[in-house]
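Taking it in order: structure first as structure tokens, then the write-up.
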Amino acid sequence: MSIEQIISVQIVEAIAHCYNQQIEPSLVQLQITRKEFEGDITLVVFPFVRMSKKSPEQTAAEIGDYLQQNVAEVEKYNVVKGFLNLVISSSYWISVLNLATAHPHFGITEPTDSSKLVMVEYSSPNTNKPLHLGHIRNNLLGFSLCEILKANGNKVVKTNIVNDRGIHICKSMYAWKMWGNGETPETSGIKGDHLVGKYYVKFDQEYKKEIAALMEQGETKENAEQNAPAMMGAREMLLKWEAKDPETVELWKTMNDWVYAGFDVTYKELGVDFDKIYYESETYLYGKDEVLRGLAEGVFYQKEDSSVWADLTPEGLDQKILLRSDGTSVYMTQDIGTARERFQDYPIDQMIYVVGNEQNYHFQVLSILLDKLGFEFGKGLHHFSYGMVELPQGKMKSREGTVVDADDLMAEMIEVSRKTSEELGKLEGYTPEQAAITYKMIALGALKYFMLKVDPKKNMLFNPEESIDFNGNTGPFIQYTYARIRSVLRKAADRGIELNRDITATAEIATKELQLIKAISQFPVAVKEAGDNYSPALVANYIYELVKEFNQFYHEFPMLIEENIDTRNLRLVIAETVSKTIKTGMKLLGIDVPERM
RNA sequence: GUCUCGGUAGCUCAGCUGGAUAGAGCAACGGCCUUCUAAGCCGUAGGUCCAGGGUUCGAAUCCCUGCCGGGAUACCA
């Protein structure tokens with residue numbers, strides 16, 4: 001139980017005792033006391049003056065008196081206007097420090113047999129082009145969300161649905177067949193996903209040329225787009241694929257395998273993984289079955305052209321198509337099928353989709369449709385909706401070549417990290433291999449933290465020139481602080497200083513030390529809050545505050561030279577606990593921390 | 001048109017279940033490396049919280065209206 005909870009309960013008691021009123025706990029507004037005032041926790045007493053029928057100051061004093069007398073943790077209090085500032089006893093803070101120090105994963109709740117099973121879908125790439133910046137945000141958010149859910153005691157299944165069928169992959173296949181000269185990742189030396197992406201672009205280029213040529217011959221734009229040989233070829237391939245034509249399926253398999261091999265490299269570099277991968281090519285037919293069942297049961301209806309629709313006007317929405325007039329599936333149909341499969345495969349208590357906010361409507365509808373089809377899990381779906389990554393020139397568009405490629409970006413950042421590190425003369429004495437691991441850790445720390453520190457719901461701007469920084473509120477800043485703490489602890493060990501981790505002395509605790517202990521004590525609160533709000537950004541924010549606090553502390557105290565043994569021990573234990581908290585917190589963001597940098 | 005999300009310092013972002021004088025980082029300017037890592041620390045400067053109205057002891061935060069921007073909106077995924 002956190003100190004806020006303890007105090008909160010006692011305030012309800014205080015009100016009952018002083019004013020003979022039963023109040024809702026939600027009326028108790030506690031906040032961390034602002035630095036310019038004495039105290040740790042502040043109660044806003046304005047809501048209670050109505051009950052006391054006294055001035056805010058007097059009310060605050062009465063509640064303060066009660067708390068001071070009846071709550072061991074409350075040492076004293078002061079009143080400023082309508083604010084009751086409570087001073088928590090240092091013995092309480094010491095007990096928190098001891099708890100945090102002794103616990104291997106302070107703030108982390110382990111799952112039990114009765115824990116909820118949460119399935120999280122993230123990444124969900126198309127197999128026709130490499131991963132880009134938008135996918136990076138998705139992957140990092142998805143992975144971090146899973147870590148945070150686990151830290152809150154949930155069992156988590158990480159899943160990925162690969163959009164491996166459809167006209168888009170046929171375009172790449174067609175282009176490769178027409179203009180590829182049989183090149184493969186091996187013969188060309190190009191990473192598989194990039195190679196397939198190259199032919200996706202090639203298709204578009206040739207297609208545009210064909211349209212232009214047809215329009216010169218007097219065709220309308222629409223006709224030209226429909227009848228260009230490239231488009232007809234791609235469509236023919238899709239038909240052949242659906243008819244299971246062996247040659248087409250073979251080519252499809254081959255090219256998809258190239259892409260998967262490429263994705264695996266990118267995922268590994270990003271540090272994300274999955275427990276179960278679904279393929280759209282395997283699940284898209286199930287959805288059709290479900291829609292037809294819905295039609296038979298009268299949940300959906302059919303138009304004269306034989307397309308199938310859902311009427312969502314009772315829900316305040318529109319009509320939604322579920323099967324095209326030619327009987328083929330749309331996106332929604334596939335998601336219905338995939339959902340059914342998942343709930344058959346796992347005893348899922350909650351399903352979370354990490355998908356961009358441009359699909360808010362889609363998931364709203366999906367939830368309703370599943371519910372209509374009689375799946376009890378329909379209403380419980382959660383769409384973890386995140387904002388787009390924008391570039392200074394606007395939205396990323398693959399056709400305009402403004403896409404920031406995931407592999408390129410990571411490679412560039414590793415290079416910058418290496419250069420910076422060498423210029424600063426760090427990592428001397430490291431082998432080239434050790435140094436390379438650290439460069440990568442720093443580069444990815446910068447990228448991940450940059451993406452995760454902003455509120456997931458909001459669109460964010462990525463400026464390739466300026467965005468990635470290694471100073472200030474960044475991953476490397478946090479990693480750096482961690483590395484320095486580790487260095488201090490190494491040096492202490494070198495000098496034969498043994499830590500007594502069981503702190504009993506309550507005598508001398510400086511303000512800065514106390515602030516750090518308080519900051520550490522907030523970690524479980526931050527983890528819980530991040531879980532409740534699905535927000536890695538809250539964890540990132542917390543760590544940043546902790547690290548800033550530590551840097552001031554670090555600057556102020558010469559820990560190793562300190563003469564007073566007790567104080568030195570306390571400071572080293574605090575430092576060690578901070579480093580553990582940083583490491584644990586960063587793990588929730590999927591960011592590694594180096595011992596040295 | 002309708003629905004939805006957003007607008008906070010020059011830039012990128014916190015703060016938003018109403019609470020004390022709206023905070024960081026970057027960029028700018030000025031200090032601090034003979035003492036545990038200067039990827040750091042300290043300081044200066046920078047604000048009509050889009051605008052207007054409402055609710056109340058109190059509004060960046062809640063409600064309404066308007067302006068600006070993003071997204072979605074019946075056979076793309």
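Convention: sequence-line order gives letters A, B, ...; per-chain numbering from 1.
The separation of A39(B) from C26(B), taken at their C1' atoms, amounts to 14 Å, rounded to a whole angstrom. Between C11(B) and G1(B), the two P atoms lie 29 Å apart (nearest whole Å). Across the C1' atoms, C42(B) and C33(B) are found 14 Å apart, a figure rounded to whole Å. G7(B) sits 10 Å from C49(B) when the C1' atoms are compared, rounded to a whole Å. Going from the C1' atom of A72(B) to that of A77(B) covers 14 Å, rounded to whole Å. Separation of the P atoms belonging to C67(B) and A51(B) is 16 Å when rounded to the nearest angstrom. Between C62(B) and G19(B), the distance separating the two C1' atoms is 14 Å to the nearest Å. Nucleotides G10(B) and C16(B) are separated by 23 Å at their P atoms, to the nearest Å.
Nearest-nucleotide positions on RNA chain B place L84(A) closer to the 5' end than the other of S417(A) and L84(A). The residue among V44(A) and R490(A) whose nearest nucleotide of RNA chain B is located toward the 5' end is V44(A).
The environment of CD in E222(A) is sparse: at most 12 heavy-atom neighbours from other residues, nucleotides or ligands sit within 6.0 Å. Annotation for K583(A): atom NZ does not count as buried by contact number, only 12 or fewer foreign heavy atoms lying within 6.0 Å.
Within 4.0 Å of Q479(A), counting heavy atoms only, lies no atom of the nucleic acid at all. Heavy atoms of M388(A) sit under 4.0 angstrom from primed sugar atoms or phosphate atoms, though from no base atom. Residue Q319(A) is classed as a base contact, given a heavy-atom separation below 4.0 Å to a base. Using a 4.0 Å heavy-atom criterion, one finds that F470(A) contacts the bases of the nucleic acid, with or without backbone contacts as well. At a threshold of 4.0 angstrom between heavy atoms, the contacts of T481(A) with the nucleic acid are absent. Residue contacts shown for T42(A) include a base, since a base heavy atom lies under 4.0 Å away. When heavy atoms are screened at a 4.0 angstrom cut-off, K320(A) is found touching no nucleic acid atom at all. Using a 4.0 Å heavy-atom criterion, one finds that F46(A) contacts the bases of the nucleic acid, with or without backbone contacts as well. Across all strands shown, V330(A) has heavy atoms under 4.0 Å from sugar-phosphate atoms exclusively, and none from any base. Residue contacts for N85(A): at a heavy-atom cut-off of 4.0 Å it reaches a base atom on one of the strands shown. Nucleic acid contact for E556(A): none, since no nucleic acid atom lies under 4.0 Å from a heavy atom of the residue. Counting any heavy atom pair closer than 4.0 Å across all strands shown, N463(A) reaches no nucleic acid atom. A492(A) comes within 4.0 angstrom of no nucleic acid atom, judged by non-hydrogen atoms across all strands. Residue contacts shown for D305(A) include a base, since a base heavy atom lies under 4.0 Å away.
With Y386(A) as the aromatic partner, R137(A) does not meet the cation-pi criteria of under 6.0 angstrom to the ring centre and within 45 degrees of the ring axis. A cation-pi arrangement is absent between R596(A) and Y430(A) under the rule of less than 6.0 angstrom and at most 45 degrees off the ring axis. Both cation-pi conditions hold for K303(A) and W309(A): the charged atom is under 6.0 angstrom from the six-membered ring centre and inside a 45 degree cone around its axis.
Side-chain contact check for H362(A) and D335(A): at least one donor-acceptor pair (N or O, by modelled atom type) lies under 3.5 Å. Checked by atom type, the side-chain pair E121(A)/S124(A) shows a donor-acceptor distance below 3.5 Å.
Contacts of residues 533-553 of chain A with RNA chain B (heavy atom under 4.0 Å): N541(A), Y544(A), K548(A), N551(A), Q552(A). If you check residues 436-450 of chain A against RNA chain B, the residues with a heavy atom closer than 4.0 Å are I442(A), listed by number.
In this structure, G69(B) forms a base pair with C5(B), meeting either the Watson-Crick or the G-U wobble geometry with both donor-acceptor distances under 3.5 Å. With a cut-off of 3.5 Å on both Watson-Crick or G-U wobble distances, the partner of U12(B) is given as A24(B). The partner of G52(B) is C64(B), by the rule that a Watson-Crick or G-U pair needs both atom distances under 3.5 Å. Using the Watson-Crick or G-U wobble rule with both distances under 3.5 Å, U17(B) pairs with nothing in any strand shown. The pairing partner recorded for C29(B) is G43(B), the criterion being a Watson-Crick or G-U wobble arrangement whose two distances lie under 3.5 angstrom. For U35(B), there is no paired base (Watson-Crick or G-U wobble, both distances below 3.5 Å). Under the Watson-Crick or G-U wobble criterion, with both distances below 3.5 Å, A74(B) has no partner in any strand shown.
Taking the six-membered ring for Trp and the full ring otherwise, F203(A) and Y200(A) have centroids separated by 6.0 Å or more.
Taking a heavy-atom distance under 4.0 Å as the criterion, the stretch of RNA chain B touched by chain A extends 5' to 3' from G7(B) to A77(B).
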Output a table of donor-acceptor pairs, distance under 3.5 Å, between side-chain atoms of residues 532-549 of chain A and any protein atom two or more places apart or on a different chain; print 'none' if there are none.
from	atom 1	to	atom 2	distance (Å)
D532(A)	OD2	K528(A)	NZ	2.9
N533(A)	ND2	E529(A)	O	2.9
Y534(A)	OH	Q350(A)	NE2	3.0
S535(A)	OG	A537(A)	N	3.4
Y542(A)	OH	A519(A)	O	2.5

N/O donor to acceptor pairs below 3.5 angstrom from side-chain atoms of residues 323-330 of chain A, sequence neighbours left out:
from	atom 1	to	atom 2	distance (Å)
R324(A)	NH1	T328(A)	OG1	2.9
R324(A)	NH1	S329(A)	O	2.9
D326(A)	OD1	T328(A)	N	3.0
D326(A)	OD1	T328(A)	OG1	2.7

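Between F553(A) and F557(A), the two ring planes are perpendicular [angle over 60°; tilted spans 30° to 60°].
The only member of K518(A), R571(A), R568(A) that meets salt bridge (Lys or Arg N to Asp or Glu O under 4.0 Å) when paired with E513(A) is R571(A).
In this structure, the ring pair (Phe, Tyr, Trp, His ring centres under 6.0 Å) partners of Y353(A), at least two apart in sequence or on a different chain, are F363(A).
For C33(B), the glycosidic angle deviates from 0 by 90° or less, giving a syn base.
Listed for the N569(A) side chain is no donor-acceptor partner under 3.5 Å among the backbone atoms of I565(A).
With salt bridges taken as basic N to acidic carboxylate O contacts below 4.0 Å, none links K580(A) and E576(A).
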